[in-house]
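Report on one structure; see the data block that follows.
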Amino acid sequence: MSALTLALSKGRILDETLPLLAAAGVVPLEDPESSRKLILPTNHPDVRVVVVRASDVPTYVQYGAADAGVAGKDVLLEHGGDGLYQPLDLGIGRCRMVVATRRTFDWQGTVQRGARVRVATKYVRIAREHFARKGMHVDIVKLYGSMELAPLVGLADVIVDLVSTGNTLRANDLVAVDDIMPISSRLIVNPAALKIKHATMQPFVDALRHSTQVTT
Ligand code: PRT
Ligand code: MG
(Lines give C-alpha, C1' and ligand atoms only; values in the text may rest on other atoms or scores of the structure.)
(Ligands and ions follow the chains in the order given, each with its own letter.)
Protein backbone atom coordinates (compact mmCIF):
# COMPACT_ATOMS: atom_id res chain seq x y z
CA MET A 1 0.00 0.00 0.00
CA SER A 2 1.63 3.25 -1.04
CA ALA A 3 -0.94 5.94 -0.27
CA LEU A 4 0.53 9.39 0.34
CA THR A 5 -0.29 11.59 3.31
CA LEU A 6 0.33 15.33 2.76
CA ALA A 7 0.67 17.76 5.68
CA LEU A 8 -0.67 21.26 5.01
CA SER A 9 -1.44 24.22 7.26
CA LYS A 10 -4.50 26.43 7.09
CA GLY A 11 -4.19 30.03 6.00
CA ARG A 12 -1.94 31.47 3.34
CA ILE A 13 -0.02 28.28 2.61
CA LEU A 14 -3.21 26.31 2.02
CA ASP A 15 -4.69 29.06 -0.18
CA GLU A 16 -1.68 28.99 -2.46
CA THR A 17 -1.03 25.23 -2.31
CA LEU A 18 -4.54 24.09 -3.33
CA PRO A 19 -4.29 25.51 -6.89
CA LEU A 20 -0.88 23.80 -7.32
CA LEU A 21 -2.30 20.51 -6.06
CA ALA A 22 -5.33 20.88 -8.32
CA ALA A 23 -3.03 21.44 -11.30
CA ALA A 24 -1.22 18.25 -10.24
CA GLY A 25 -4.58 16.41 -10.19
CA VAL A 26 -5.16 16.34 -6.43
CA VAL A 27 -8.33 17.97 -5.00
CA PRO A 28 -9.53 17.50 -1.38
CA LEU A 29 -13.12 16.24 -1.24
CA GLU A 30 -13.94 18.84 1.43
CA ASP A 31 -12.67 22.41 1.81
CA PRO A 32 -9.73 22.03 4.26
CA GLU A 33 -10.12 25.66 5.36
CA SER A 34 -13.64 25.19 6.70
CA SER A 35 -13.80 21.45 7.40
CA ARG A 36 -13.39 20.34 11.00
CA LYS A 37 -11.92 17.05 9.84
CA LEU A 38 -8.18 16.75 10.38
CA ILE A 39 -7.74 13.99 7.79
CA LEU A 40 -9.22 14.77 4.40
CA PRO A 41 -9.58 12.36 1.52
CA THR A 42 -8.96 13.70 -1.98
CA ASN A 43 -10.26 12.82 -5.46
CA HIS A 44 -7.02 10.84 -5.85
CA PRO A 45 -7.46 7.40 -4.23
CA ASP A 46 -3.79 7.34 -3.18
CA VAL A 47 -3.52 10.82 -1.64
CA ARG A 48 -4.96 12.25 1.60
CA VAL A 49 -4.34 15.56 3.36
CA VAL A 50 -3.77 16.19 7.06
CA VAL A 51 -4.23 19.71 8.40
CA VAL A 52 -1.68 20.80 11.04
CA ARG A 53 -0.12 23.99 12.48
CA ALA A 54 2.37 25.60 10.07
CA SER A 55 5.24 25.10 12.50
CA ASP A 56 4.31 21.41 13.00
CA VAL A 57 4.49 20.45 9.30
CA PRO A 58 8.26 19.60 9.36
CA THR A 59 7.77 17.46 12.48
CA TYR A 60 5.01 15.35 10.91
CA VAL A 61 7.12 14.79 7.79
CA GLN A 62 10.36 14.15 9.70
CA TYR A 63 8.72 11.36 11.71
CA GLY A 64 6.95 9.93 8.66
CA ALA A 65 3.46 10.63 10.06
CA ALA A 66 3.05 12.54 6.79
CA ASP A 67 5.01 11.56 3.68
CA ALA A 68 5.26 15.11 2.36
CA GLY A 69 4.19 18.62 3.25
CA VAL A 70 4.46 22.30 2.47
CA ALA A 71 6.37 24.62 4.81
CA GLY A 72 7.83 28.13 4.71
CA LYS A 73 11.61 28.49 4.58
CA ASP A 74 11.29 30.41 7.88
CA VAL A 75 9.69 27.37 9.53
CA LEU A 76 12.25 25.00 7.98
CA LEU A 77 15.22 27.08 9.15
CA GLU A 78 13.83 27.23 12.68
CA HIS A 79 13.10 23.49 12.64
CA GLY A 80 16.60 22.73 11.36
CA GLY A 81 15.50 20.61 8.40
CA ASP A 82 16.83 17.39 9.94
CA GLY A 83 15.53 14.29 8.21
CA LEU A 84 13.79 16.22 5.45
CA TYR A 85 14.30 16.16 1.73
CA GLN A 86 13.44 19.50 0.07
CA PRO A 87 13.00 18.82 -3.65
CA LEU A 88 10.98 21.90 -4.68
CA ASP A 89 10.71 25.60 -4.03
CA LEU A 90 6.99 26.10 -4.74
CA GLY A 91 7.42 29.87 -5.13
CA ILE A 92 4.38 30.56 -2.94
CA GLY A 93 4.05 32.33 0.43
CA ARG A 94 6.64 34.83 -0.69
CA CYS A 95 7.78 37.43 1.82
CA ARG A 96 10.99 38.73 3.41
CA MET A 97 12.57 38.17 6.82
CA VAL A 98 13.65 41.58 8.11
CA VAL A 99 14.90 43.47 11.15
CA ALA A 100 12.47 46.27 12.01
CA THR A 101 12.32 48.98 14.63
CA ARG A 102 10.43 52.16 15.60
CA ARG A 103 10.79 54.92 13.05
CA THR A 104 12.35 57.12 15.76
CA PHE A 105 14.89 54.55 17.01
CA ASP A 106 18.52 55.42 16.15
CA TRP A 107 19.45 52.09 14.56
CA GLN A 108 22.57 53.36 12.73
CA GLY A 109 23.89 54.94 15.92
CA THR A 110 23.21 51.78 17.89
CA VAL A 111 25.08 49.66 15.35
CA GLN A 112 28.01 52.12 15.20
CA ARG A 113 28.35 52.25 18.99
CA GLY A 114 28.32 48.46 19.10
CA ALA A 115 25.61 48.67 21.76
CA ARG A 116 23.81 45.58 22.97
CA VAL A 117 20.43 45.20 21.29
CA ARG A 118 17.29 43.53 22.57
CA VAL A 119 15.50 41.56 19.85
CA ALA A 120 11.95 40.17 20.07
CA THR A 121 11.10 37.37 17.65
CA LYS A 122 9.45 34.05 16.98
CA TYR A 123 12.47 33.21 14.76
CA VAL A 124 15.12 32.75 17.44
CA ARG A 125 17.51 30.68 15.35
CA ILE A 126 17.39 32.93 12.27
CA ALA A 127 17.82 36.03 14.46
CA ARG A 128 20.72 34.56 16.43
CA GLU A 129 22.57 33.58 13.26
CA HIS A 130 21.90 36.91 11.54
CA PHE A 131 23.27 39.04 14.38
CA ALA A 132 26.21 36.68 14.96
CA ARG A 133 27.15 37.09 11.29
CA LYS A 134 27.06 40.87 11.80
CA GLY A 135 29.14 40.58 14.96
CA MET A 136 26.41 42.23 17.01
CA HIS A 137 25.64 41.43 20.63
CA VAL A 138 21.95 40.71 21.18
CA ASP A 139 19.57 39.49 23.84
CA ILE A 140 16.74 37.55 22.25
CA VAL A 141 13.22 37.55 23.67
CA LYS A 142 11.13 34.69 22.29
CA LEU A 143 7.57 35.56 21.29
CA TYR A 144 4.88 33.46 19.59
CA GLY A 145 3.09 36.26 17.72
CA SER A 146 2.39 40.00 17.33
CA MET A 147 6.10 40.81 17.30
CA GLU A 148 5.21 44.29 16.01
CA LEU A 149 3.96 45.24 19.47
CA ALA A 150 7.25 44.61 21.25
CA PRO A 151 9.18 47.79 20.22
CA LEU A 152 6.08 49.93 20.85
CA VAL A 153 5.82 48.96 24.50
CA GLY A 154 9.53 48.74 25.31
CA LEU A 155 9.84 44.96 25.33
CA ALA A 156 12.57 45.14 22.66
CA ASP A 157 14.58 47.58 20.54
CA VAL A 158 14.01 45.66 17.34
CA ILE A 159 12.07 42.69 15.98
CA VAL A 160 12.90 40.00 13.47
CA ASP A 161 9.74 39.20 11.51
CA LEU A 162 8.25 38.47 8.11
CA VAL A 163 7.01 41.29 5.92
CA SER A 164 4.98 40.98 2.75
CA THR A 165 3.04 44.15 1.90
CA GLY A 166 4.66 46.22 4.67
CA ASN A 167 1.20 47.35 5.82
CA THR A 168 1.61 45.99 9.35
CA LEU A 169 4.93 47.80 9.86
CA ARG A 170 3.53 51.06 8.47
CA ALA A 171 0.38 50.87 10.59
CA ASN A 172 2.56 50.64 13.70
CA ASP A 173 5.18 53.27 12.82
CA LEU A 174 7.87 50.65 12.35
CA VAL A 175 10.49 50.51 9.58
CA ALA A 176 12.60 47.69 8.19
CA VAL A 177 16.26 48.54 8.81
CA ASP A 178 17.89 45.32 7.61
CA ASP A 179 16.94 42.65 5.14
CA ILE A 180 17.77 39.10 6.29
CA MET A 181 16.54 36.85 3.47
CA PRO A 182 13.73 36.19 0.99
CA ILE A 183 11.25 33.51 2.09
CA SER A 184 9.02 31.16 0.10
CA SER A 185 7.37 27.80 0.78
CA ARG A 186 8.97 24.46 -0.04
CA LEU A 187 7.74 20.96 -0.66
CA ILE A 188 9.29 18.72 1.97
CA VAL A 189 9.43 14.95 1.71
CA ASN A 190 10.27 12.17 4.15
CA PRO A 191 13.37 10.46 2.65
CA ALA A 192 12.20 6.93 3.57
CA ALA A 193 8.77 7.59 2.02
CA LEU A 194 10.47 8.78 -1.16
CA LYS A 195 12.12 5.34 -1.44
CA ILE A 196 9.34 3.09 -0.19
CA LYS A 197 6.50 4.95 -1.93
CA HIS A 198 8.54 5.92 -4.97
CA ALA A 199 5.85 4.72 -7.40
CA THR A 200 3.33 7.29 -6.11
CA MET A 201 5.70 9.93 -4.68
CA GLN A 202 7.86 10.52 -7.76
CA PRO A 203 4.94 11.21 -10.16
CA PHE A 204 3.40 13.46 -7.48
CA VAL A 205 6.63 15.49 -7.08
CA ASP A 206 7.00 15.69 -10.88
CA ALA A 207 3.40 16.85 -11.30
CA LEU A 208 3.85 19.51 -8.61
CA ARG A 209 7.07 20.69 -10.21
CA HIS A 210 5.21 21.03 -13.48
CA SER A 211 2.26 22.89 -11.92
CA THR A 212 4.69 25.21 -10.09
CA GLN A 213 6.30 26.07 -13.41
CA VAL A 214 3.02 26.79 -15.18
CA THR A 215 1.27 28.55 -12.28
CA THR A 216 3.99 30.86 -10.91
O1 PRT B 1 -0.69 31.06 12.83
P2 PRT B 1 0.12 29.87 13.27
O3 PRT B 1 0.88 30.10 14.54
O4 PRT B 1 -0.63 28.57 13.22
O5 PRT B 1 1.27 29.65 12.22
P6 PRT B 1 1.91 30.73 11.30
O7 PRT B 1 1.65 32.12 11.78
O8 PRT B 1 3.33 30.32 11.11
O9 PRT B 1 1.08 30.45 9.97
P10 PRT B 1 0.68 31.46 8.84
O11 PRT B 1 -0.38 30.75 8.04
O12 PRT B 1 0.39 32.81 9.39
O13 PRT B 1 2.00 31.57 7.98
C14 PRT B 1 2.45 30.45 7.29
C15 PRT B 1 3.64 30.84 6.44
O16 PRT B 1 3.29 31.87 5.51
C17 PRT B 1 4.85 31.42 7.17
O18 PRT B 1 5.61 30.39 7.77
C19 PRT B 1 5.59 32.13 6.04
O20 PRT B 1 6.47 31.23 5.38
C21 PRT B 1 4.46 32.52 5.06
N22 PRT B 1 4.20 33.98 5.02
C23 PRT B 1 4.22 34.73 3.90
C24 PRT B 1 3.89 34.79 6.04
C25 PRT B 1 3.75 36.08 5.51
N26 PRT B 1 3.95 36.00 4.18
C27 PRT B 1 3.42 37.20 6.39
N28 PRT B 1 3.30 38.34 5.94
N29 PRT B 1 3.71 34.56 7.37
C30 PRT B 1 3.38 35.59 8.17
N31 PRT B 1 3.22 36.90 7.74
C32 PRT B 1 2.83 37.90 8.78
C33 PRT B 1 4.04 38.60 9.40
O34 PRT B 1 4.55 37.83 10.47
C35 PRT B 1 3.46 39.93 9.89
O36 PRT B 1 2.84 39.82 11.16
O37 PRT B 1 2.02 38.95 8.24
C38 PRT B 1 2.37 40.20 8.86
C39 PRT B 1 2.96 41.18 7.86
O40 PRT B 1 2.24 41.20 6.69
P41 PRT B 1 2.22 42.56 5.84
O42 PRT B 1 1.54 42.17 4.56
O43 PRT B 1 1.42 43.56 6.62
O44 PRT B 1 3.64 43.00 5.61
MG1 MG C 1 -0.17 33.13 11.76
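Whatever order the structure lists them in is the order used to number ligands and atoms, beginning at 1.
For the 3.5 Å distance criterion, the side chains of Ser34 and Asp31 qualify, holding a donor opposite an acceptor. Using modelled atom types, one finds no donor on one side chain facing an acceptor on the other under 3.5 Å when comparing Arg170 with Thr168. A donor atom on one side chain and an acceptor atom on the other are found under 3.5 Å apart for Asp89 and Ser184. A side-chain N or O of Thr5 and one of Arg48 form a donor-acceptor pair less than 3.5 Å apart.
Checked against a 3.5 angstrom limit, the closest N/O atoms of Gly166 and ligand 1 fall inside it. Where the criterion is an N or O separation shorter than 3.5 Å, residue side chain and backbone included, Tyr123 fails it with respect to ligand 1. Geometrically, ligand 1 and Ser185 share no nitrogen or oxygen pair separated by less than 3.5 Å.
Residue contacts with ligand 1: Ser55 is excluded, as none of its non-hydrogen atoms falls under 4.0 Å. The closest approach between any non-hydrogen atom of Lys73 and ligand 1 is not below 4.0 Å.
Ligand-side atoms of ligand 1 in range of Gly72: 20 (O), range being under 4.0 angstrom from any heavy atom. Proximity to Val75 (heavy-atom distance under 4.0 Å) selects the following atoms of ligand 1: 18 (O). In summary, the atoms of ligand 1 found under 4.0 Å from a heavy atom of Asn167, numbered by their order in the structure, are 43 (O), 44 (O). Near Thr165, meaning under 4.0 Å from any of its heavy atoms, are these atoms of ligand 1: 41 (P), 42 (O), 43 (O), 44 (O). Applying the 4.0 Å criterion to heavy atoms of Val163 picks out, from ligand 1, the atoms 44 (O). Every atom of ligand 1 with a heavy atom of Lys122 under 4.0 Å away is listed here by number and element: 6 (P), 7 (O), 8 (O). With ligand atoms numbered from 1 in the order given, ligand 1 contributes 22 (N), 23 (C), 25 (C), 26 (N) to contacts under 4.0 Å with heavy atoms of Cys95. Every atom of ligand 1 is numbered from 1 in the order shown, and the set under 4.0 Å from a heavy atom of Lys10 is 11 (O).
In this comparison of Ala54, Ser9, Ser146, the heavy atom closest to atom 5 (O) of ligand 1 sits on Ala54. Across Thr168, Asp161, Asp15, heavy-atom proximity to atom 34 (O) of ligand 1 is greatest for Asp161. Which of Val70, Leu162, Ile92 comes nearest to atom 33 (C) of ligand 1 through a heavy atom is settled by distance: it is Leu162.
Distance alone, capped at 3.5 Å, places no donor-acceptor pair between the Asp161 side chain and the Met147 backbone.
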**Study point:** Working for salt bridge (charged side-chain N to carboxylate O under 4.0 Å, His left out), residues Arg116 and Asp139
**Key:** CA-CA 7 Å; Arg116 211 172 173 87; Asp139 294 311; 3.1 Å; yes
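Under the side-chain hydrogen bond (donor to acceptor under 3.5 Å, both in side chains) criterion, Lys142 pairs with no residue, sequence neighbours left out.
With a 4.0 Å cut-off on non-hydrogen atoms, Asp74 touches ligand 1 through its side chain and not its backbone.
Few gaps surround CZ on Phe131; more than 12 heavy atoms of other groups in view lie less than 6.0 Å from it.
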